[in-house]
Amino acid sequence: MTTDSQVRVRFAPSPTGYLHIGGARTALFNWLFAKHHNGTFILRIDDTDEQRSTEASMKEIYGSLKWLGLNWDEGAIVGGENGPYVQSERGKIYQKYTQQMVENGSAYHCYCTPAELAEIRETAQAENRSPHYSRRCLNLTSTDRQRLTDEGRRPVVRFKVPDKTVVVNDRILGQITTEAETLQDEVIVKSNGSPLYNLTSVIDDHEMTITHVIRGVDHLSNTPKQILIAEALGLQVPQFAHLPMVLGSSKGEKLSKRHGATSIEQYRQDGYLPQAMVNFLVRLGWSLDDETEIFSVDELIEHFSLERVGKSGSVFDLKKLQWLNSHYISKLEISTRTDAVIPFLQREGLLDSVDPDAKRSWLEQVVATVGDRLTTLADIKVEAAYFFTDNFEYDPKGVKKWLTKGNPIGTLQSLYDGLVNIVNFDLKTVEDKIWAVIEELGIKRVAGMQPLRIALSGMTGGPSLFEMITLIGQEKVLERLQRLIEYLREREDL
RNA sequence: GCCCCGUUCGUCUAGCCUGGUCCAGGACACCAGCCUUUCACGCUGGCGACACGGGUUCAAAUCCCGUACGGGGUACCA
């Protein structure tokens, strides 16, 4: 870790929706960059679009960032010296800069109506010219302006694009050159007085002394505009780094709900661990070397660098996230894993939400027995439901395979008879007894074990049978054997 | 349309800047086998890529040009 405490980066979402995969990765890269350089990570809320911004989105974004462990040093909620950190509360600041731009001639009022603008665009296109604003209002006299105001028109403020070549030295993409003639005099303040993104972003990045702007490539084309605005205001320009897109399919489609869940909150609810999510997200565009896949947060902080971020978009691959998640779940200490799984059991109504501690040690044994069979925490439901409830179905395939040939009822009855008389219902005794019964029956081990497994869990797969038996307990084991025997008898009758 | 960006196994990527060590390495997925009371884990092996075409060079995944394809932008959205 270097000690360049000058590094100041920001994540500036617009609260128009939940925190999605792409946004989370942008936040993560900013956070890692800040931590690596011992710098400051700032959370700013870019809510200048008052139409689409919602309080609920803001809250969810905070929650998702915290869940991922991406705590911010400065910004919304936590405050700091450069606040407020919510753009809708910074109107006065933007007004000051806008006035400065109008006064120094780098911006001007435009009274054209949307209809007029559309017309200008159309004629331009018809004449095969670029559909840029015609600068019709650039040299309005004060009498012109008075007349238009009297007509009831409210002006927007447009940035007067200077005639020059803009060069961005992007930390990821390299040098990108843009000719100003390809840009138009865009609106920086709406007619209702509210400022627009490209203005506020430049101002706030300056006011908050942001040193590096790390954001998605979808902002690349905004960069030259923002540099020009910064220059018009005489502000220092931060360094830029544009992250490639996160895609939803190999066809290059943008990640959308069609490709699975896109919100971080959804993955949290689906039982993914934040450390798995972080590890997964960081590998979407970044790598350390040709072999390392698993990274702890500390390792990421130590090794992260913009130099090793790739240029091309990456496809979100759920299978890889699942692999990472099961890896991190199995790495959890049993006690921690138990804590993690409890809410999911409660959500399914399998565990009393009043006092899960009463069963703590048994619960931990169940979790230990289930072992590494969890891909997500939510899988605890399918993998362990039978420990908590008698109300489970028999897997039809299992029934067909193991309970239709030979003499399943006889086998189950023999196992019942063997288990019913055990006094010390412990692992060793149970195991010895079951082997003895199977040997006496003269059948293969599986032929005895699988029917028993189905009786106890309804499934053909799962943890060690003997551990299951002792955890379920003698009474219930016998009940369940009885239940399967009855079930099979009824089927025979049909 | 115009401007900008990108392109290595199905997917994430290493290699590209500083051309030869790459008939391209790892991981996920998939397939097979082993292990095993089942499932899973684990282990072993297999499948599988330099978008295309020119050029430069003794030599190109690596440098240059073009084409194709994909993406972003072209808003009183961010």
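So that the names make sense, note that chain A is the first sequence line, chain B the second, and so on, each numbered from 1. All values below come from the heavy atoms of this structure, side chains included, with hydrogens, waters and symmetry mates left out.
Rounded to a whole Å, the CD atom of A:E383 is 13 Å from the P atom of B:C39. Here B:C16 presents its C1' atom at 16 Å from CD of A:E307, a figure rounded to the nearest Å. Rounded to whole Å, the distance from CG on A:L415 to P on B:U38 is 16 Å. At whole-Å resolution of the value, CG in A:L288 and C1' in B:C12 are 15 Å apart. Rounded to whole Å, atom P of B:C39 lies 12 Å from atom CE of A:M449.
Across all strands shown, B:C22 has no partner, as no Watson-Crick or G-U wobble contact with both distances under 3.5 Å is found. Pairing for B:G66 goes to B:C52, judged as Watson-Crick or G-U wobble with the two contacts each under 3.5 Å. Under the Watson-Crick or G-U wobble criterion, with both distances below 3.5 Å, B:G46 is paired with B:C30. Here B:A14 sits opposite no nucleotide as a Watson-Crick or G-U wobble pair (both hydrogen-bonding atom distances under 3.5 Å). In this structure, B:C2 and B:G73 make a Watson-Crick or G-U wobble pair, each of the two defining distances being under 3.5 angstrom.
No engagement by A:G398 is indicated, since no non-hydrogen atom pair under 4.0 Å with the nucleic acid exists. When heavy atoms are screened at a 4.0 angstrom cut-off, A:R215 is found touching no nucleic acid atom at all. As judged by a 4.0 angstrom heavy-atom cut-off over every strand, A:L465 is placed among the base-contacting residues.
Between the side chains of A:N222 and A:Y197, not a single donor N or O lies within less than 3.5 Å of an accepting N or O.
Minimum interatomic distance between A:H303 and A:W286 (heavy atoms only, all atoms of both residues): O-CZ2, 3.8 Å.
Taking the six-membered ring for Trp and the full ring otherwise, A:W435 and A:F466 have centroids separated by under 6.0 Å.
The side-chain hydrogen bond (donor to acceptor under 3.5 Å, both in side chains) search around A:T292 returns A:D289, not counting sequence neighbours. Annotation: salt bridge (Lys or Arg N to Asp or Glu O under 4.0 Å) contacts of A:D47 (sequence neighbours excluded): none. Partners of A:E55 under the salt bridge (Lys or Arg N to Asp or Glu O under 4.0 Å) rule, at least two apart in sequence or in another chain, are A:K59.
For the pair A:S287 and B:A14, the criterion of a side-chain N or O lying under 4.0 Å from OP1 or OP2 is met.
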Quick tally for nucleotides 73-78 of chain B: nucleotides whose base has a protein heavy atom under 4.0 Å get B, sugar-phosphate-only ones S, the rest -, giving SSSBBB
The contact string for nucleotides 21-36 of chain B, one letter per nucleotide 5' to 3', using protein heavy atoms under 4.0 Å with B, S and - for base, sugar-phosphate only and none, comes out as ----BBBSS-------
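Side-chain atoms of A:Y487 and A:L403, non-hydrogen and from C-beta on, never get closer than 4.5 Å to each other. Counting only heavy atoms from C-beta outward, the side chains of A:L306 and A:F29 never approach each other to under 4.5 Å.
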Donor-acceptor pairs under 3.5 Å, side chain of residues 406-416 of chain A to any protein atom, not counting sequence neighbours: which ones?
| from | atom 1 | to | atom 2 | distance (Å) |
| --- | --- | --- | --- | --- |
| A:N407 | OD1 | A:G410 | N | 3.0 |
| A:T411 | OG1 | A:N407 | O | 3.1 |
| A:Q413 | NE2 | A:D417 | OD1 | 3.2 |
| A:S414 | OG | A:G410 | O | 2.9 |

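With the nearest nucleotide of RNA chain B identified for both A:S312 and A:P463, A:S312 has the one nearer the 5' end. The 5' end of RNA chain B is approached more closely, in terms of each residue's nearest nucleotide, by A:T177 than by the other of A:T177 and A:R308.
Annotation for A:N169: atom CG counts as buried by contact number, over 12 foreign heavy atoms lying within 6.0 Å.
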